[in-house]
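Below: the structure, in structure tokens.
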Amino acid sequence: MHYGYFDDKKMEYVITRPDTPESWSNYLGSTEYGAIITNNAGGYGFYKSGADGRFLRVRFNSVPMDQPGRYIYIRDNENSDFWSASWQPVGKPLEEYESVCRHGTAYSVFESRYSKLHTETTYFVPLDQKFEYWKLRITNESDTKRSLSVFTYCEFANNWNTNQDLVNLQYSTFIVKGSRKDNMLRIITHENLLHSKSEDDSVMQCWMAMVGSQIDGYDTSRESFLGRYNGYHNPQAVSRGKCSDSDAYGDNACGSFQSNIVLNPGESKEILIMLGVGDTATEGNKAVAEFGSVERANKELAALKDNWHSKLSSFKVTTPDKEFNSTINVWGLYNCLINFFWSRSASLIYNGERNGLGFRDSVQDILGVAAAVPEEALKRVELMLTGQLANGGAIPVIKPFAHNPGHELPPDPQKLRSDDCLWFFNAVPAIVAETGDFDFYTKVLPYADKQEDTVLGHLRRALEFNLERRGKNGLPCGLHADWNDCLRLGYKGESLFVAFQLRYGLSVYEEICLKMGKTDEVSWAVKKREELEGCIQSVAWDGEWFIWAIGEDGTVYGTKEYDEGQIYLNTQVWAVISGAASKEQSSKCMESVKRLLATEYGLMLCAPPFKKTPIDVMRSVVFNAGIKENAGIFNHTQGWGVIAECILGNGDRAYEYCRANMPAAYNDKAQIRQMEPYVQGQTTYSSYSPRAGNSRVSWLTGAASWSYFSATQHILGIIPMYEGIKINPCIPSHWDKFTVARIFRGKALNIEVLNPQNVNKGVIEIFLNNETIKDNFISVEKLKSQNDIKVLLGK
Ligand code: NOJ
């Protein structure tokens, strides 16, 4: 069953059935003025912080999950019938009501057709502005004159701190005020704050303006508009056809304008709503004076689209797989960019309280966007490097607005995670290879708490951190946690995942130092790597796979000998990725993955699920079996499975894993996955649950960057290197050919890969601008501004 389709030309996902199994959302605006909007115009908005800047309210975990939102109601004054310009909240029968929602890049458009009236409403935040547009066009498609009323509605938070707003009602419901002056509504919370926090005049003030139509009424009191016993589906004002011109004074505030319009047959009218934060008299009026026309709104929309589309033009692919193409060309990268900007802060699941950049996730997010926004990605790498502590660990959350490198308080040593800075060995070389600025390794940056060092020095410190914290078997300790938030091994318990990451880090460090001519450092890294490999090999191989971890008390996890969590995905795939596994171990452990962890919806994180293991060791035991870290399909890890299979040359299997976890592949069976078919989710129920295939926690997840990275760099095999670009695809054998258009250091690469022998892997020849290249590497000196690259695969 499908609810919509991909329109790749317009870079939109078009939802043609509004009764989707979950609310399918989109992002508008920026982290400065952020907005979430769903396919039924539900959602919220915030200024700078989802937790402390929440000006538009949504009630989390409600039914439906996205109310209220940014609503427009239409009332037919001849017969008192009314509906909304998005299917919900009124929810007319779908036999009579046609609805199309087009989610695009930072804008969403809603079309409705009901009672021979057509509406089109476009929502977006113009670039670099602190307000949003709702642009409505309403057309009379009947052959009679229609007398209508249009009502707007949104619900303001009483207090911009979302917790205060939703639960501290004895306080928050007494501080709000609403009023109207001319075509402007003013909502202000706690007027006194204006005097005490004058440095930011946006403090808890909102304005809403209506442009292009006369105003026949308004409400700023929610209770007056909705009525006490009505609801969003039948507001009192709409049902009786008249707002009450209410000024909120306590209780709750809303933004409603009423405009009565008459439309002749075939006639259209455009109305503009502007909603922003800041002082009405200054910022509101200024925004309306400058931006308050439909022409200007159209211009702003075009500029917004250009801005996003140019970011998405860094990598374009055409393969025989349409869904793969939609994923790589539009939604996979858009999803990566949203993760990069928003981290894990605000969605319909994250309510904004995660104010800041979670360390490990944000470092990994860089991988997905390095090609699209190299400068911003580089800045983020620098920011994260300054979140590293002088002891090599990291502060768990970086607050970009407040971060003060050199002066941050280090966390309690018991709270340090073991993996945080090891992700630098993926992200830093990736961005250096993208930009080609190898000198970045010599740039001096401060640590979070004290001291400074070159980037190379930061990397060494990261390695030392784990080398200095090793357990009885010489393997790195899990500390407070490794990647798996649920694992509690005891501070000195040993994590094999971290051991593999450390092994990978040492080899990356070795390579950088070799290029820098630092022979002592190379010898150091080689020695440490070999020692570590010895420790790994002496305890970690379980016969058919690698173990998971060794607790402080000596308990071995992830072994045949233990009933629960016998096999763990991450240690198999990272044994391969890190290069620690021998050839034989690699193929054996990945066969075990296939046999014991692969399902049609992706690879389970472990199996069988935990039921009896004490919660103080394995917190995932609280989750129902078959979800999240308890034998669920943890989507963050799926790209690693793809990479490991590509390293082994198994293109068919890599592609199988890639598609199992590709949202677009579920478009025509959307009822299974339930979530948006255009973005990743954190987790999918596995076959250990009664709901295999259902996915949850959409948009903000490490699955976005790793799925995009594994598809572009390992399946398609277009790999930026320090000195050029390597082309090493590992594709499904049935692909006869594919093309990629990629921008690399400002140069256009137009790559055509031919696979006449239907192999998975193996570059026979490359022609660069008609010159034959010996191996599969093209040095940057050979590139012109436009490059025609033909690649022949075969045996
Ligand atoms: C979600 C967290 O955001 C991520 O950092 C972590 O690695 C996974 N949970 C796995 O536990």
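Counting convention: from 1, in listed order, for ligands and their atoms alike.
Between W640 and W423, the ring-plane angle classifies as parallel under the 30° and 60° cut-offs.
Neither the backbone nor the side chain of R344 comes within contact range of ligand 1; no heavy atom lies under 4.0 Å. The parts of D485 lying near ligand 1 are both backbone and side chain, judged by heavy-atom distances below 4.0 Å.
Closest protein heavy atom to atom 7 (O) of ligand 1: W483 O, 2.7 Å. Among protein heavy atoms, the minimum distance from atom 11 (O) of ligand 1 is reached at E629 OE2, 2.4 Å.
Salt bridge present: E22 and R696 bring a charged side-chain N and a carboxylate O closer than 4.0 Å. Ion pair K311/E376 not flagged as a salt bridge, since none of the NZ, NE, NH1 or NH2 atoms sits closer than 4.0 Å to an Asp/Glu carboxylate oxygen. Ion pairing between a basic and an acidic side chain is recognised when a charged N comes within 4.0 Å of a carboxylate O; D165 and R54 show no such pairing.
Checking T684 against N635 by side-chain atom types alone, a donor-acceptor pair falls below 3.5 Å.
Of the polar atoms of D361, at least one N or O is found under 3.5 Å from an N or O of ligand 1, judged by distance alone. Checking only distances, Q682 never comes within under 3.5 Å of ligand 1, N or O to N or O.
Ring centroid separation for the pair F610 and Y562 does not come in under the 6.0 Å cut-off.
Those atoms of ligand 1 that come under 4.0 Å of a heavy atom in N484, given as number and element, are 11 (O).
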